[in-house]
**Student:** 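First the structure, which I've put down as structure tokens, then a few questions once you've had a look.
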Amino acid sequence: MRGFFTQLFVLFFLALLAFFAGKWQTVYRNQGKIDPITLTVQNIIVPSATTIDQIAEGVSSFFSGIFHAKSLTDENIFLKNKLKMAESQLNEVQALEQKILHLEKLLRFNNSHPKQQKIPANIIGFFPYENRITLSAGSKKGVERGLAVITPEGLLAIIQTVDETRSQASLLSSPTLQIGAMILKNPPYVGLIKGEGPKTIFMELLDDKVPVKVNDLVLTSEFSEKIPPSIPIGKVIHIEQNPDFGIQKARIFLNATIGKTKEVFIIK
Amino acid sequence: MKPIHQFFLISLLLFIGGVLQQSTLSTVSIFGICPQFLVAFAAAICFFLSPTGCLFVGFFAGFIQGSLAGSNLTAYIISFIIGCYFISFVKRLELEMNVIVAGFFSICMAFLTQTVLLFLAPPSLILTSLGTAAGSAVYDGVISLLLYSLLLKAFMPKTAWQ
């Protein structure tokens with residue numbers, strides 16, 4: 001009987017404690033806070049619970065991986081294929097964007113040179129060892145030998161042979177081609193450029209005192225009947241001095257190269 | 001088992017119960033019913049304690065549950081105290097205690113605890129909540145039964161209820 005009263009007393013005491021704990025909690029809650037004891041309990045338990053969660057997730061992922069290995073592998077292969085397709089489409093889109101940019105430049109170039117007649121053509125053949133290209137325009141459209149083939153970046157080639165519907169042109173990089181050009185200085189220096197490789201040409205300067213510098217621009221000269229003046233060719237990338245012979249050689253990087261373009265203008 | 005060892009074991013079990021209750025394991029539902037780990041742990045522990053010990057276990061289990069829930073501490077503590085005291089009452093009936101009987105009374109205790117809690121902090125749909133409490137009680141009973149089997153070895157023969 002005595003034990004029962006002790007229990008009753010403890011029960012009452014604990015219930016009273018619970019009542020005051022609840023009241024205390026409510027006071028803090030009304031202030032928008034968490035009471036310190038609750039906070040302490042949460043601070044002790046929540047980090048361990050987070051660890052348990054992480055372990056449980058790890059175990060779950062592990063078994064999920066084992067039980068769904070086949071479907072996951074299939075899904076992985078499927079997604080890889082999808083990714084390849086997406087990458088391929090992205091490349092296609094980028095190529096199309098470049099083409100649009102190129103065409104826009106071509107259009108701008110056409111508008112900026114209104115006096116000259118321009119014959120639009122496509123490059124339909126490329127022979128890298130011969131440094132020659134075949135164009136889709138021929139004598140029917142007024143193409144003649146010696147005309148300049150240009151892209152928005154600058155001079156690309158010179159027409160060599162003409163058919164009724166096609167023509168062939170030598171690229172500036174062709175060692176067999178020599179044309180007049182000028183290095184943009186004040187006064188400009190005029191000379192002949194000659195092909196050297198797929199992207200470079202050189203210009204021999206017969207005066208070793210000409211103050212040519214790297215990055216000087218090279219344009220077409222004014223002394224050709226068929227090639228219009230001031231069309232960009234490239235820029236100087238290297239100068240070789242030869243004081244024994246009193247000459248210097250300027251290596252020029254071409255603006256217009258075959259890989260960049262398919263659509264060109266033939267300027268008449 | 002020495003009282004001090006008992007104290008640490010019970011504290012550890014309540015801590016583990018709290019951690020499990022807070023973790024996502026408590027959201028693992030069977031037929032839409034989730035377990036109440038602290039109720040289950042408290043029920044299993046109380047089979048090995050005196051009535052006063054049960055009252056204290058109920059108090060602290062309710063306190064942890066209420067703190068984690070962030071809701072009314074009073075409701076949680078009182079419901080847990082009543083639930084745990086129910087176990088000490090069952091022990092007085094001098095039934096032949098085994099795992100099945102302990103499991104059954106754990107279910108009853110869990111149901112009682114949840115029901116008292118529902119009345120102390122009344123929800124809007126009492127019948128639905130009672131159904132949920134009943135389901136959860138079965139869940140807790142099974143967990144408690146498993147824990148009881150383990151504790152039987154730890155507490156026997158000195159303090160186990162004969």
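Chain A is the first sequence line, chain B the second, and so forth, proteins listed ahead of strands; every chain is numbered from 1.
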**Student:** Ring-plane angle category for Phe47(B) and Tyr148(B), please: parallel below 30°, perpendicular beyond 60°, tilted otherwise.
**Tutor:** perpendicular
**Student:** At under 4.5 Å between heavy atoms, what parts of residues 50-69 of chain B are in contact with chain A? List them by residue number.
**Tutor:** Pro51(B), Thr52(B), Leu55(B), Phe56(B), Phe59(B), Phe63(B), Ile64(B), Gly66(B), Ser67(B), Leu68(B)
**Student:** For Lys70(A), which residues count as a salt bridge (charged side-chain N to carboxylate O under 4.0 Å, His left out) partner, sequence neighbours excluded?
**Tutor:** Asp74(A)
**Student:** May I ask you to test the Met109(B)-Val39(B) pair for a side-chain heavy-atom distance under 4.5 Å?
**Tutor:**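 Yes, close enough: below the 4.5 Å cut-off.
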**Student:** Strictly distance-based, threshold 3.5 Å: is any side-chain N or O of Asn98(B) a donor or acceptor partner for the main-chain N or O of Ile100(B)?
**Tutor:**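 Yes, because the side chain of Asn98(B) sits within donor-acceptor range (under 3.5 Å) of the backbone of Ile100(B).
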**Student:** Identify which of Leu17(A), Thr50(A), Ile34(A) forms the greatest number of heavy-atom pairs closer than 4.5 Å to chain B.
**Tutor:** Leu17(A)
**Student:** Just by distance, no angles: are the side chains of Tyr85(B) and Gln7(A) close enough, under 3.5 Å, to form a donor-acceptor pair?
**Tutor:** yes
**Student:** Please check if atom CD in Glu57(A) has more than 12 non-hydrogen atoms from other residues, nucleotides or ligands closer than 6.0 Å.
**Tutor:** no
**Student:** Pick from Gln42(A), Arg29(A), Gln25(A), Lys23(A): which one has the most heavy-atom pairs with chain B under 4.5 Å?
**Tutor:** Gln25(A)
**Student:** Between Asp35(A), Val46(A), Thr38(A), which residue shows the highest count of heavy-atom pairs closer than 4.5 Å to chain B?
**Tutor:** Thr38(A)
**Student:** Using the benzene-type ring in the case of Trp, are the ring centres of Trp24(A) and Phe20(A) under 6.0 Å apart?
**Tutor:**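 Ring centres of Phe20(A) and Trp24(A) not closer than 6.0 Å.
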